[in-house]
Asks: 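Have a look at the structure that comes next, please.
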Amino acid sequence: MKAADHAASARANSPDPAEQLAWRRLTARHGDRLRALLEAHGHWPTSREVGEEGVLGAWLVAQHADRQLDVQRLALRLLEQAVEDGTAGQEGPARLAFLRDRLHVNAGLPQRYGTQIQGMSDAGEPILWPVEDPERMDTYRSEVGIPPFAEYVARFLPEKERGQVAPEK
């Protein structure tokens, strides 16, 4: 599922409605499969069980289940428990933050960590979905091992523009 997700992800924002539909169908199939696996096992997968690639794949599928909030809620609950139990690995807290923000945005709620953007401004700066506490966003990010917003987005900008991005509030 991880490989198929990665190969098809460019279709998500394609101007071609058929490609967008293909992406939605793929993510729905993957979301259904992830839900079945999580329900059958009753916990978030560990790298010991499925390898780090398998854990990453489960997280990506959960992230992209944007039209299946029940899948995202189940994944969030199980990943929260895994982080609490210490079985989510080093990346667990950051992945939990991304999934939490994604679910909140999909549910129409403000995000905490500023991991989800709506798009880019005409000036080429990322436009965040609403954030619950913009003044504390970088503190929250730091607590889970995510770099400050400006540093994080600078990695995705053309080299000449790096260091010139400030988060929108």
Side-chain angles (χ1 to χ4, degrees), residues 1-13 23 26-107 109-118 126 128-134 136-157 162-163 165 167:
M1 289 190 294
K2 178 182 172 271
D5 182 280
H6 183 70
S9 63
R11 295 179 186 172
N13 299 313
W23 168 253
L26 176 81
T27 58
R29 279 194 315 272
H30 288 175
D32 290 344
R33 178 73 177 130
L34 179 62
R35 177 183 336 139
L37 290 168
L38 293 176
E39 288 173 347
H41 294 283
H43 65 273
W44 188 254
T46 67
S47 59
R48 186 176 195 170
E49 295 170 324
V50 299
E52 182 54 31
E53 288 299 306
V55 174
L56 176 59
W59 175 74
L60 284 172
V61 169
Q63 278 285 105
H64 294 156
D66 292 321
R67 288 159 193 82
Q68 295 167 291
L69 297 187
D70 60 322
V71 173
Q72 287 186 330
R73 285 184 185 104
L74 173 61
L76 183 70
R77 189 179 84 244
L78 296 177
L79 184 51
E80 282 174 339
Q81 187 63 52
V83 167
E84 190 176 302
D85 294 346
T87 61
Q90 183 178 352
E91 297 295 322
R95 289 177 181 158
L96 178 61
F98 274 84
L99 184 56
R100 181 188 184 277
D101 275 3
R102 187 79 168 229
L103 174 60
H104 276 223
V105 165
N106 288 333
L109 302 169
Q111 58 181 323
R112 173 172 288 175
Y113 303 95
T115 64
Q116 305 299 303
I117 64 168
Q118 298 179 43
L128 281 169
W129 287 100
V131 176
E132 65 185 44
D133 188 349
R136 297 207 50 211
M137 182 177 74
D138 279 337
T139 300
Y140 294 137
R141 292 171 72 93
S142 176
E143 291 170 355
V144 297
I146 302 173
F149 182 78
E151 181 183 319
Y152 178 76
V153 297
R155 289 190 250 172
F156 303 102
L157 296 174
R162 290 184 186 163
V165 175

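Because the structure is a prediction, the values reported are computed rather than measured.
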Asks: Is there a donor-acceptor contact under 3.5 Å from the side chain of Asp138 to the main chain of Phe149?
Replies: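 Looks like yes, one N/O pair under 3.5 Å.
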Asks: Between atom CG of Leu74 and atom CG of Leu38, what is the distance when rounded to the nearest 0.5 Å?
Replies: 5.0 Å
Asks: Measuring from Arg73:CZ to Asn106:CG, what's the distance to the nearest 0.5 Å?
Replies: 9.5 Å
Asks: What pairs with Trp23 under ring pair (Phe, Tyr, Trp, His ring centres under 6.0 Å), at least two apart in sequence or on another chain?
Replies: His64
Asks: Show every salt bridge (Lys or Arg N to Asp or Glu O under 4.0 Å) that has at least one partner inside residues 27-40, sequence neighbours left out.
Replies: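 Listed by first then second residue: Asp32-Arg35, Arg35-Asp70.
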Asks: Could you please spell out the steps behind the side chain to side chain donor-acceptor pair (under 3.5 Å) verdict for His104 and Gln72?
Replies: CA-CA 10 Å; His104 276 223; Gln72 287 186 330; over 6 Å; no
Asks: Give a yes/no verdict on a cation-pi contact between Arg112 and Tyr140, requiring under 6.0 Å between NZ or CZ and the six-membered ring centre and an angle within 45° of the axis.
Replies: yes
Asks: Please name the pair of heavy atoms, one in Ala88 and one in Leu79, separated by the smallest distance, quoted to 0.1 Å.
Replies: CB-CD1, 4.0 Å
Asks: Stepwise, does the side chain to side chain contact (heavy atoms under 4.5 Å, CB included) test hold for Leu96 with Val144?
Replies: CA-CA 9 Å; Leu96 178 61; Val144 297; over 6 Å; no
Asks: Check Ala8 against Leu26 and note the closest heavy-atom contact, atom names and distance.
Replies: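 Between these two residues, the closest heavy atoms are CB-CD2, 3.6 Å.
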Asks: If I compare all heavy atoms of Pro93 with all of Gln90, which pair ends up nearest, and what's the gap?
Replies: CD-O, 3.5 Å
Asks: Verify the neighbour count for atom NE2 of His6: are there more than 12 heavy atoms of other residues, nucleotides or ligands below 6.0 Å?
Replies: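 Incorrect, the count does not exceed 12.
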Asks: Mind checking salt bridge (charged side-chain N to carboxylate O under 4.0 Å, His left out) for Asp85 and listing every partner two or more places apart, or none if nothing turns up?
Replies: none
Asks: Could you tell me whether the side chain of Val55 reaches within less than 4.5 Å of the side chain of Val50, counting heavy atoms only?
Replies: yes
Asks: Quick one: are Ser9 and Leu60 in side-chain contact, heavy atoms under 4.5 Å?
Replies: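 No, too far: nothing below the 4.5 Å cut-off.
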Asks: For the atom pair CG (Leu56) and OG (Ser47), what is the distance rounded to the nearest 0.5 Å?
Replies: 11.5 Å
Asks: Taking the side chain as C-beta and beyond, is there a heavy-atom pair between Gln63 and Phe98 under 4.5 Å?
Replies: yes
Asks: Is it true that Gln68 and His30 share a donor-acceptor pair across their side chains at a distance under 3.5 Å?
Replies: no
Asks: So which atom in Ala97 and which in Ile146 form the shortest heavy-atom distance, rounded to 0.1 Å?
Replies: CB-CD1, 3.8 Å
Asks: Taking all non-hydrogen atoms of both residues, which atom of Trp44 and which atom of Glu49 are closest, and how far apart?
Replies: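 Trp44 and Glu49 have their closest heavy atoms at O-OE1, 4.2 Å.
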Asks: When rounded to the nearest 0.5 angstrom, what distance separates CG in Leu78 from OG1 in Thr87?
Replies: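 Going from CG on Leu78 over to OG1 on Thr87, the span is 10.0 Å.
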Asks: State which residues pass salt bridge (charged side-chain N to carboxylate O under 4.0 Å, His left out) with Glu53; sequence neighbours excluded, sorted by chain then number.
Replies: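 Salt bridge (charged side-chain N to carboxylate O under 4.0 Å, His left out) check on Glu53 returns Lys2.
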Asks: Can you tell me how far apart OG1 (Thr139) and CG (Asp133) are? Round to the nearest 0.5 Å.
Replies: 8.5 Å
Asks: Find out whether the Lys NZ or Arg CZ of Arg141 is both under 6.0 angstrom from the six-membered ring centre of Tyr152 and within 45° of the ring's axis.
Replies: yes
Asks: Under the side chain to side chain contact (heavy atoms under 4.5 Å, CB included) rule, collect the residues that match up with Ile117, sequence neighbours excluded.
Replies: Met120, Pro126, Leu128
Asks: Pairs in or reaching into residues 91-103: which pass side chain to side chain donor-acceptor pair (under 3.5 Å), with residues at least two apart or in two chains?
Replies: Glu52-Arg95, Asp66-Arg102, Asp101-Thr115, Arg102-Gln116
